[in-house]
Amino acid sequence: SNECDQALRFSQVEWRTCLSVALGAASLLISCVDVGAFFAMKLHRKMTYRLAIYQVVSSMVLGATMSTGFLLMQYSTLNKVMAYACFFFVTVTKYTFTMWLTVHVFAAVVFYKNISPRWEPLYATSAILIPLAMTLAYTAAFLVEDCSHNVVLVGFHVLWYATLALLLLNVALVVLIVIVLLYRMHRPFHRRPLLARHYGLALREVVPLLGYPVVTLVTIAAIVITMQANTNAFLRDTFYEIGLQILNAMSGILFMAHIAVVVRAAK
């Protein structure tokens, strides 16, 4: 009976891993197409689209990390920690880029300001160096504790709360953006038509970026709700893993839709 249960669990894990790898490959393919279109259409000249491609690339790397990481985690505790460390770094980096993208939209919608490209190095360095420092601290703690399983659990909880903090900040900014947009739809710039025209042009370029944090938040909320509704540990892990892979692919699809809007507006 125990052997049958172990064999069944192994086949389930194998099935989940294969599905995750397939979704990761699809995300990689979509992202490669997006990056090619990004340079072919010379969108790299504008910061707005560079922020969008950061989402695509970070999602692509996260998908690849998940696909390879879950394969490595099956062999040893050390491999598991290394996989968690990579997953931790890429996940926090992705959501930090999402936060900066939301800040960019917030500044444009609320304060009528396009954030200067001078701030772009801050976006990139903070989105990479802060998660990297946290990842190195987690890995060092694991090695100092002589490969303790408790460090794996601590790392998972730190990842969870860091992600939660970034997502809550995104929620607050998105809610404020929507409130301001609704307010200004009902209170147009009657006495300042020039400002209204410039504001409308800015919104046409910036507001599509709002799709990235909104889709991210809705998908994460759906994953959490689904996980909480299931007591089976295997199903909870499956919903988490597959849900994130779907989110990674959706970032690439969103970028395609964003480009389609740009092309249509240019005609």
Side-chain angles (χ1 to χ4, degrees), residues 27 47-59 61-63 66 87-115 119-120 122-124 126-128 130-131 134 155-186 199 202-203 205-230 236 239-255 257-258 261:
S27 175
M47 183 175 172
T48 299
Y49 302 113
R50 291 199 298 272
L51 290 175
I53 205 65
Y54 293 157
Q55 291 292 299
V56 174
V57 173
S58 60
S59 296
V61 176
L62 178 57
M66 291 178 64
F87 179 59
F88 180 97
F89 170 67
V90 180
T91 302
V92 178
T93 296
K94 172 182 167 59
Y95 294 136
T96 306
F97 275 129
T98 304
M99 181 198 69
W100 283 124
L101 184 146
T102 310
V103 168
H104 183 78
V105 178
F106 181 81
V109 171
V110 178
F111 299 109
Y112 317 108
K113 291 184 179 293
N114 283 324
I115 296 178
W119 290 95
E120 192 171 359
L122 173 64
Y123 294 178
S126 63
I128 293 173
I130 295 175
M134 296 171 69
F156 180 80
H157 288 300
V158 171
L159 171 63
W160 173 257
Y161 287 115
T163 302
L164 182 63
L166 289 171
L167 291 176
L168 287 176
L169 180 58
N170 271 284
V171 169
L173 291 174
V174 168
V175 168
L176 287 173
I177 290 168
V178 171
I179 290 172
V180 170
L181 284 174
L182 291 175
Y183 174 78
R184 287 179 181 156
M185 284 174 62
H186 294 285
Y199 188 64
L203 290 185
E205 181 177 302
V206 171
V207 166
L209 291 177
L210 202 57
Y212 297 95
V214 168
V215 168
T216 298
L217 295 171
V218 170
T219 306
I220 293 295
I223 292 171
V224 171
I225 292 171
T226 307
M227 289 176 65
Q228 292 298 321
N230 284 274
R236 288 162 65 96
F239 285 127
Y240 181 75
E241 181 180 343
I242 302 305
L244 283 184
Q245 288 287 35
I246 292 173
L247 176 59
N248 294 332
M250 287 176 67
S251 296
I253 295 171
L254 269 175
F255 189 80
H258 193 177
V261 170

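Numbers here are sequence positions counted from 1.
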task: Please name all residues satisfying ring pair (Phe, Tyr, Trp, His ring centres under 6.0 Å) with Phe255, sequence neighbours left out, ordered by chain then number.
output: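 Ring pair (Phe, Tyr, Trp, His ring centres under 6.0 Å) check on Phe255 returns nothing, list empty.
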- prompt: Checking ring-ring contact (aromatic ring centres under 6.0 Å, His included) for the pair Tyr49/His258: CA distance, chi angles, key distance, verdict?
  reply: CA-CA 9 Å; Tyr49 302 113; His258 193 177; 5.3 Å; yes
Do you know the tightest heavy-atom contact between [X] and [Y]?
| X | Y | answer |
| --- | --- | --- |
| Ala249 | Ser27 | N-OG, 3.8 Å |
| Pro213 | Leu101 | CD-CD2, 3.7 Å |
| Ala52 | Leu209 | CB-CD2, 3.8 Å |
| Pro131 | Ser126 | CD-O, 3.4 Å |
| Tyr212 | Ser251 | CE2-O, 3.8 Å |
| Val92 | Leu166 | O-CD1, 3.9 Å |

statement: Between Leu244 and the options Thr219, Ile220, Thr91, the side chain to side chain contact (heavy atoms under 4.5 Å, CB included) test singles out Ile220
message: Checking side-chain polar atoms at under 3.5 Å, does Gln55 have a donor or acceptor matched by the opposite partner on Thr98?
response: yes
task: Give, for atom NE2 of His104 and atom CD of Glu120, the distance between the pair rounded to the nearest 0.5 Å.
output: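 The NE2 atom of His104 sits 9.5 Å away from the CD atom of Glu120.
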task: List in chain and number order the residues that pass side chain to side chain contact (heavy atoms under 4.5 Å, CB included) with Leu217, two or more places apart in sequence or in another chain; answer none if no residue qualifies.
output: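 If we apply the side chain to side chain contact (heavy atoms under 4.5 Å, CB included) test to Leu217, skipping adjacent residues, the hits are Leu167, Asn170, Val171, Val174.
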